[in-house]
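To start, the structure itself, in structure tokens.
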Number of protein chains: 2
Amino acid sequence: MRKKPSCIDVAEMAGVSTATVSYVFNGRRNANVPDATKRRVMDAAERIGYRPNRLAKGLAGGKTHLVGMVTRLDTFDARIASPIRGELSNRGYQVLLAHNQTHWELEQRDFEQLLEHQVDALICISGGWGAPERPLVTWVLEAGIPCVIVNDREASGRIDSVVSDNRGGAKAAIDHLVSRGHRRIGHVPGLECVFTGREREIGYAEAIRDAGLEYDPDLVQGEGYDIKTGYDGTRKLLALPNPPSAIFAANDANALGVYRAATDLGLRIPDDLAIVGFGNEREAEALQMTTIDQHPDEMARVAVERLFVRMRTMELPAVTQTVPVTLLPGRTS
Amino acid sequence: MRKKPSCIDVAEMAGVSTATVSYVFNGRRNANVPDATKRRVMDAAERIGYRPNRLAKGLAGGKTHLVGMVTRLDTFDARIASPIRGELSNRGYQVLLAHNQTHWELEQRDFEQLLEHQVDALICISGGWGAPERPLVTWVLEAGIPCVIVNDREASGRIDSVVSDNRGGAKAAIDHLVSRGHRRIGHVPGLECVFTGREREIGYAEAIRDAGLEYDPDLVQGEGYDIKTGYDGTRKLLALPNPPSAIFAANDANALGVYRAATDLGLRIPDDLAIVGFGNEREAEALQMTTIDQHPDEMARVAVERLFVRMRTMELPAVTQTVPVTLLPGRTS
DNA sequence: GTGAAAGCGCTAACAT
DNA sequence: ATGTTAGCGCTTTCAC
């Protein structure tokens, strides 16, 4: 096994200089390489199995065509991550993975790695950007690297973000339930400290008032995104002197907990209790739950589009783009 | 914004040569750098915010500490991908993403990108490695790059792989059902052309015979991993003159289809029909289905371990490592 | 239209 | 124990 062929080998074999090889492979802004030379170079490259070295290219040219992607790859995140990778790949960019950590030191280690690899930009999926002391915000800003946050929002609004219409989704859920005749609608919210959690709860409250119903704080119980939260919250809601006839859950896992609590109490769904989740995740599919689809592919598309705008210039102010959601009727409402 | 500091800057500021900086940052095999110099260098680096450039390092040293990961990031794959990334990160390796494609030309484009970025190795999650004409096999072999396949197996056995004990899982499912008194047990298999699908079907057949039951080909209906397959397969199974009292499905989505078909026919689960799925996916959790846990974290651990063995030498013959599975009893059996 | 040559930031012999 | 130096493979200005 001999060494990998370099552009020097190609140049020699084609009887040109390495500069010309570079011109042929990258397309030059100035002069044009005549088709004859172009062909000679390509043939030589083909013949010796030449493959350009991105490291050298990055070192010399200053751009790596690498984008760092910070994500936990879990549930909804993975559904955004995959199309993001696809979009980037179509534009000639590759994705270097990093992980959203709860431990900031670990997160820093990963982040440093991305920078050492000279990524041209960053895409961060979810991950608690609202925390006011989150160091990653500072690091990103200090590094001056193009960055887009997806499915979350940085508190001070200094970094671009793409989110789904969480309030709109909550409103759609409530309106749907109201149209089915429900007048007392409970909510099991997500985490107060998470953007989507807050937004959906605000959307719930607004929609309740918009519908002319009374907002009752007792109708909001629990805080979290797992089955247990939904379960416990629902037990409390149903123990109320005047219990709700419908519950809007902050996400589908939470909604699954609602479902279990209700059925454990012998309630029939949707007759005794209607349920609407959020996210169109697989537990919703499994139970044929009414839920809100967040269109992860569209979020990915918008996010990458935004990233390329940002890569063009860092001067523009940061913006938040909102992707519409869709209510998906199921058998639980 | 001035240029990024390089090791030259650090060397100057610390009053040493770039070689020494390199020694300090990488730990040398030969001589030791005294603590005094070490500290001077580190201080200087800290002060000017030096960050080593991986591109230069890779170019000069020949190793990038980059591993290409080929995955679709869907469902089960994402659950393996995430811990693999974690393991690699702990060992100082970063992950470059690529996508398993059905279109081989797209897959080639991605694969070429990985090689251009000079990845040190490859991890491929699932993705149809059994197809005898799959070009990726040839490319990997030709490139002579260390590679481990996870949750699949290359047909000719020339590439290392890590799989879960698919046959054992099937056997555990059947034994479980037999112990519950079932004597006619149906199967809705996965795809014949996919390793896990074949293995689970073989495991089913073996277990049936081992249990002293008669293997009836009519009891195997359908082929696939989605709800529709499970649904249609079950309709056929239940229309049999002598229908099964239990069904083992190739995966949990498939099992969900089984569940729906049964309930649509008014059957009670598990009394009228018992169901066992495979994978411990979220639809199983949602329905509290009996299923087989594949321990994705362990698969990831073993895969990375294997990859490092392979990176050490390409001389050893390729092996297949099998990770045990666990039956998770639920309410559907 | 094409070539010569100076980097890009770092590593690894080889010297000292 | 540390410095010197020749690359690693490519881009890019500036000549010709």
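Chain identifiers are assigned alphabetically (A, B, ...) following the order of the sequence lines, protein sequences preceding nucleic acid strands; residue numbering begins at 1 within each chain. Side-chain atoms are counted along with the backbone in the values below, which use heavy atoms only and exclude waters and symmetry mates.
Remark: B/Glu133 CD is packed, more than 12 non-hydrogen atoms of other residues, nucleotides or ligands lying under 6.0 Å away.
In this structure, A/Tyr50 atom OH and D/dG9 atom P are separated by 10 Å, rounded to whole Å. Distance CD (A/Glu116) to P (C/dT11): 11 Å, rounded to an integer number of Å. Separating the CD1 atom of B/Ile8 from the P atom of C/dG7 is a distance of 11 Å, rounded to the nearest angstrom. Rounded to a whole Å, the CG atom of B/Asp35 is 12 Å from the P atom of D/dA1. What separates CG of A/Leu59 from P of C/dG9 is a distance of 7 Å, to the nearest Å. Rounded to whole angstrom, the span from the NE2 atom of B/His117 across to the C1' atom of D/dC10 amounts to 14 Å. Note: CG (A/Leu55) to P (C/dG7) measures 22 Å, nearest angstrom. Here D/dA1 presents its C1' atom at 12 Å from NZ of B/Lys38, a figure rounded to the nearest Å.
Of the listed nucleotides (D/dG9, D/dT4, D/dA1), D/dA1 has the atom at the smallest distance from the side chain of B/Pro34. Out of D/dG9, C/dA12, C/dT11, the shortest distance to the side chain of B/Ala60 is found at C/dT11. Checked against D/dT11, C/dT11, D/dG3, the side chain of B/Asn26 finds its nearest nucleotide in C/dT11.
At a threshold of 4.0 angstrom between heavy atoms, the contacts of B/Phe25 with the nucleic acid are absent. Using a 4.0 Å heavy-atom cutoff across all strands shown, B/Val16 reaches sugar-phosphate atoms only and no base atom.
Considering only side-chain N and O atoms, B/Thr20 lies nowhere under 4.0 angstrom from the phosphate OP1 or OP2 of D/dT2. Checking the phosphate oxygens (OP1, OP2) of C/dT11, no side-chain nitrogen or oxygen of B/Thr18 falls inside 4.0 Å. Between A/Asn53 and D/dC8 there is no side-chain N or O to OP1 or OP2 distance below 4.0 Å. Side-chain nitrogen and oxygen atoms of A/Thr37 include at least one within less than 4.0 Å of the OP1 or OP2 phosphate oxygen of C/dT2. Phosphate contact (OP1/OP2 of D/dT11, side-chain N/O of A/Lys63, threshold under 4.0 Å): absent. Taking side-chain N and O atoms only, B/Ser22 has no distance below 4.0 Å to OP1 or OP2 of C/dC10.
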Would you sort out whether A/Ser89 and B/Arg109 count as a side-chain hydrogen bond (donor to acceptor under 3.5 Å, both in side chains), showing the intermediate values?
CA-CA 9 Å; A/Ser89 177; B/Arg109 191 190 64 179; 2.9 Å; yes

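Mapping A/Tyr23 and B/Cys7 onto DNA chain C via the closest heavy atom, the residue that lands nearer the 5' end is A/Tyr23.
With rounding to the nearest 0.5 Å, the separation of CG in A/Leu106 from CZ in A/Phe111 is 15.0 Å.
Looking at A/Arg54, A/Arg91, A/Lys57, A/Gln94 one by one, the single match for side-chain contact (heavy atoms from CB on, under 4.5 Å) with A/His65 turns out to be A/Arg54.
With B/Arg310 contributing its side chain and B/Leu316 its backbone, the two residues share a donor-acceptor pair below 3.5 Å.
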